[in-house]
Amino acid sequence: MKAVILAGGLGTRLSEETHLKPKPMVEIGGRPILWHIMKLYHGHGIRDFIICCGWRGYVIKEYFANYGLHTSDMTFDLAQNRMQFHRKSAEDWRVTLVDTGEHSLTGGRLKRVASYLKDEEAFCFTYGDGVSNVDIADTIRFHRAHGKLATVTAVRPPARFGALKLDGTAVRGFVEKPEGEGGFINGGFFVLSPKVISRIPDDLSSWEGAPLTDLAADGELHAYFHEGFWQPMDTLRDKNQLEALWESGNPPWKNW
């Protein structure tokens, strides 16, 4: 099965990092968050990726073109114009990088890669700016079991502020980071039939708009409920939080 990852947005709310690179190339633990997402898919047996590039997409192309240089120990003999790899680090991935336009919206980017999916029974699809410990293999089993066109992973958003424990007007204590802030939301990590792409009109279509709404209205969208870890990287605060989790030595999304 293939996994399609959106990697073309401007990332304006993380402008401290994204004025020079696309948001999925912002690093956590010295590796782009895009790499982390691909590794968690790899942990569930997926090795074939389609990356929807846009804003500064050449940065992503350069990263994979020189993957060995980025991830291996090397010696450069400048006088002899030679280089030697010492500790090679490679993944058994097949990565297709597609220019889906600088100004395309999420649905438009998916529509632009339709030709790479036409022979697939189903494919995975997600955003290039968030990590989770969702069981992707189980989402695929769930999708095949219900037999409809689309599955979305439903998650509870992480709490951003502490909460008060109240007894009337009396404060009895504090909750540092209560789990969730209400109902379930779209957490990405979709499993889709290629047939859904016909519901996307053009580049300026948002996947979260009419396509998903119409699938829901037609009874073709089911939710896979994930109660575990899920964290988007929308702001510098989010980035720093993910960095701290990585530095802890036990990041909850790491399955490799």
Side-chain angles (χ1 to χ4, degrees), residues 2-43 46-74 88-110 112-113 116 124-134 136 187-190 203 207 229-247 251-256:
K2 296 180 179 181
V4 178
I5 304 176
L6 294 172
L10 295 176
T12 54
R13 286 186 289 178
L14 194 58
S15 59
E16 299 91 344
E17 296 266 1
T18 57
H19 65 292
L20 293 176
K21 66 182 77 169
K23 190 177 179 184
M25 294 304 291
V26 173
E27 293 184 352
I28 303 297
R31 298 289 183 92
I33 193 170
L34 175 62
W35 178 89
H36 290 265
I37 297 167
M38 295 169 74
K39 287 288 283 186
L40 67 91
Y41 271 106
H42 188 188
I46 293 177
R47 295 168 172 80
D48 197 340
F49 298 94
I50 300 170
I51 312 300
C52 301
C53 302
W55 164 252
R56 297 193 181 277
Y58 64 86
V59 177
I60 302 175
K61 292 178 180 179
E62 186 278 332
Y63 179 77
F64 286 105
N66 296 295
Y67 191 80
L69 294 175
H70 287 288
T71 60
S72 302
D73 294 337
M74 305 181 66
K88 292 184 179 180
S89 177
E91 310 287 350
D92 59 339
W93 297 345
R94 184 173 186 269
V95 185
T96 302
L97 303 169
V98 183
D99 181 2
T100 57
E102 283 203 2
H103 303 291
S104 299
L105 299 184
T106 50
R109 296 191 189 283
L110 178 55
R112 290 259 196 132
V113 301
Y116 298 95
C124 294
F125 177 53
T126 198
Y127 306 104
D129 61 355
V131 287
S132 174
N133 63 354
V134 60
I136 291 167
F189 298 101
F190 298 91
D203 282 355
W207 168 245
F229 176 82
W230 177 84
Q231 177 64 58
M233 188 183 65
D234 290 329
T235 64
L236 186 60
R237 177 186 181 278
D238 295 333
K239 190 261 187 190
N240 291 339
Q241 183 177 343
L242 290 172
E243 189 73 46
L245 287 171
W246 183 262
E247 291 297 324
W253 67 89
K254 185 179 180 182
N255 63 358
W256 61 91

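Hydrogens, waters and symmetry mates are skipped; everything else that's a heavy atom, side chains included, is used.
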Side-chain touch [X]/[Y], heavy atoms, less than 4.5 angstrom:
X   : Y    : answer
L34 : F49  : no
I5  : P24  : no
E27 : W35  : no
C52 : L110 : no

Minimum heavy-atom separation for [X] and [Y], please, with both atom names.
X    : Y    : result
F229 : L242 : CZ-CD2, 4.2 Å
I51  : A7   : CG2-CB, 3.6 Å
P32  : Y63  : CD-OH, 3.6 Å
V59  : P22  : CB-CD, 3.8 Å
C124 : I136 : SG-CG2, 4.3 Å

[X] side chain to [Y] backbone, donor-acceptor under 3.5 Å:
X    : Y    : answer
R109 : G8   : yes
K23  : M233 : yes
D238 : T235 : yes
H36  : V131 : no
K2   : Y116 : yes
Q231 : S132 : no

Quiz prompt | K239/D129 under salt bridge (Lys or Arg N to Asp or Glu O under 4.0 Å): CA gap, chis, key distance, verdict | solution = CA-CA 10 Å; K239 190 261 187 190; D129 61 355; over 6 Å; no
Quiz item: For residues 46-56, which residue pairs qualify under salt bridge (charged side-chain N to carboxylate O under 4.0 Å, His left out), counting only residues two or more places apart or in two chains?
Solution: R47-D92, D48-R94
Practice problem: Using ring-ring contact (aromatic ring centres under 6.0 Å, His included) as the criterion, list what pairs up with W207, not counting sequence neighbours. | Solution: F125, F190
Practice problem: For D203, check side-chain contact (heavy atoms from CB on, under 4.5 Å) against everything at least two apart and list the hits. | Solution: S104, R112
Quiz item: Have W256 and H42 got a donor and an acceptor in their side chains that come within less than 3.5 Å?
Solution: no
Quiz item: For Y41 and W93, does a side-chain donor sit closer than 3.5 Å to a side-chain acceptor?
Solution: no
Atom [atom1] of [X] and atom [atom2] of [Y]: how far apart are they, to the nearest 0.5 Å?
X    : Y    : atom1 : atom2 : value
L40  : T126 : CG    : OG1   : 8.5 Å
K21  : I60  : NZ    : CD1   : 11.5 Å
L245 : I28  : CG    : CD1   : 9.5 Å

